[in-house]
> 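Have a look at this one before I ask anything.
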Protein chains: 2
Amino acid sequence: MHDSKEPRPHTGRRRNEAARLAILDAALELLADADGAPVSVETIARAAGVGKQTLYRWWPSKGAVLLDALTDRAAQDVPAPDTGSLREDLRQLAVATFEAAQRRPSAPALRTLVREAARDAHLAELLRVFTESRRAAVRVVLERGRERGELAADRDVDLLVDQFYGFFWYRFLLGHAPLDRSAADRLTESLLR
Amino acid sequence: MHDSKEPRPHTGRRRNEAARLAILDAALELLADADGAPVSVETIARAAGVGKQTLYRWWPSKGAVLLDALTDRAAQDVPAPDTGSLREDLRQLAVATFEAAQRRPSAPALRTLVREAARDAHLAELLRVFTESRRAAVRVVLERGRERGELAADRDVDLLVDQFYGFFWYRFLLGHAPLDRSAADRLTESLLR
DNA sequence: GAATTACCGAGACTGGTGGTCTCGTCAAGC
DNA sequence: GCTTGACGAGACCACCAGTCTCGGTAATTC
């Protein structure tokens, strides 16, 4: 009986790292340029100078490639501020989140990705996991503030988290109003009033 | 020369009203049952016992049919409360909005419609117009409250409107937390605190 | 009642999509 | 040099929005 963890050493040609990078670069580029319009697998493969099969050999679906392109190549750092002041922590989170939502190429790429996720249940689930860590960061800040007594005991943390991200996604996806520093300040103020 | 406004009286076979209703009924039904999954024109036409051309004769696109199905057959009444109290007006709006978001078949149909709109720019624009009146209702309530002095002068009405609907759509589309009466109460309280 | 007009259901067709399959080729290890 | 498995290329399938054409049919006019 073989060792189940390493039944056999790898033989044959190895994965082409250059192709992997070319695919992710092309995907991010197209995702950003599309800004909402759909991005086809054909187009990604062609732009990367790669066969479609190479793409499907390493990713299970188009959505997985797109998400990977966004997270690997344009991963925004999630700040976890801990200044000792709830108001300041939350303000920093809002500013960082809103600023990330202006940056190219990740911002238009994320917008496209969310639109793709509306039709792709698999991608929607991946995206849900991706965003969960951001939600957790806001929750941590709020609960630390509550322990310090900066948040009234009757305030609902889940409600505040959803107000924070609901507002953000609403403006980010509709684009009808700015997500600038002023908006971040006023949102923070409104939530903690 | 003929009258340019009415160049010729209508002759020939008239539009089949039964077919129109069958299409809208079928579309709403499918929209509600899909609950997120895409709805194809083929399927609608087949379910309505109608040729595809009949559908495209009267509507410019699939999205137009879907939106028509939702607005014509499941139009929710937009309440315009004016109780004299900002807190009570806003609470009533929230309760009515959240309750409408639980009702079948319009709620799952709306969810599907929004997902379709993510890929259909034409439908997205129609939907934007459709939702604008709801936003206006919230804005009116807030500004009436401000005139009565129930809203501090430094509060940003646009921010509050986006907080209201951002929260709503976020929970409605993600479905991770309830949109019940308690949530409506707590949101109102949080916004006016 | 005959001619005209325009809607009807049905379904073929186009162009584009995500995803699968197969081909001959090429690189890595034995 | 042989085996293994990744590679680019592209044929292929199923599905979809939207167009086009067909023979049939209902409403109106003469």
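No hydrogens, no waters, no symmetry mates; every other heavy atom, side chains included, goes into these values.
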> Give the intermediate values and the outcome of salt bridge (charged side-chain N to carboxylate O under 4.0 Å, His left out) for residues A:R119 and B:E116.
CA-CA 7 Å; A:R119 291 271 213 134; B:E116 296 269 351; 3.5 Å; yes
> C:dG9, OP1 or OP2 - any side-chain N/O from B:T54 closer than 4.0 Å?
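Answer yes for this pair, as a side-chain N or O of B:T54 is under 4.0 Å from OP1 or OP2.
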> Among the candidates D:dT29, D:dC7, D:dG18, find the nucleotide nearest to the side-chain atoms of B:S61.
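From the listed options, D:dG18 comes nearest.
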> Is the shortest side-chain N to carboxylate O distance from A:E125 to A:R128 below 4.0 Å?
yes
> Using the salt bridge (Lys or Arg N to Asp or Glu O under 4.0 Å) rule, pick out the option among A:D154, A:D162, A:D156 that qualifies with B:R186.
A:D156
> Quick one: is A:R57 getting a side-chain N or O under 4.0 Å of the C:dT20 phosphate, OP1 or OP2?
no
> Name the closest nucleotide to the A:N16 side chain, picking from D:dC7, D:dA17, D:dA11.
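Nearest nucleotide to the side chain: D:dC7.
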> More 5' along DNA chain D: B:E42 or A:R20, using each one's nearest nucleotide?
A:R20
> Go through B:V114 and B:W169 one step at a time and tell me if the side-chain contact (heavy atoms from CB on, under 4.5 Å) criterion holds.
CA-CA 10 Å; B:V114 172; B:W169 284 108; 3.8 Å; yes
> Would you indicate which nucleotide in C:dA12, C:dC21, D:dA6 comes nearest to any side-chain atom of A:Q53?
C:dC21
> Tell me whether the OP1 or OP2 atom of D:dA17 has a side-chain N or O from B:W59 closer than 4.0 Å.
no
> Find the distance A:K62:NZ to C:dG16:P and express it as a whole number of Å.
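Atom-to-atom, A:K62 to C:dG16, this comes out as 15 Å.
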> Rounding to an integer number of Å, can you tell me how far A:D120 CG sits from D:dC15 C1'?
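Atom CG in A:D120 sits about 15 Å away from atom C1' in D:dC15.
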> Given atom CG of A:L55 and atom C1' of D:dA6, what is their separation to the nearest angstrom?
14 Å
> Once you round it to whole Å, what is the distance between P of D:dT28 and CZ of B:R15?
16 Å
> Whole Å only: how far is the CH2 atom of B:W58 from the P atom of C:dG9?
12 Å
> Consider the side chain of B:Y56, meaning its heavy atoms from C-beta on, and name the nucleotide among D:dG18, C:dT5, D:dC7 that approaches it most closely.
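Ranking D:dG18, C:dT5, D:dC7 by closest atom to the B:Y56 side chain puts D:dG18 first.
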> Could you please name the option among D:dT25, C:dA12, C:dG18 that lies closest to any side-chain atom of B:R13?
D:dT25
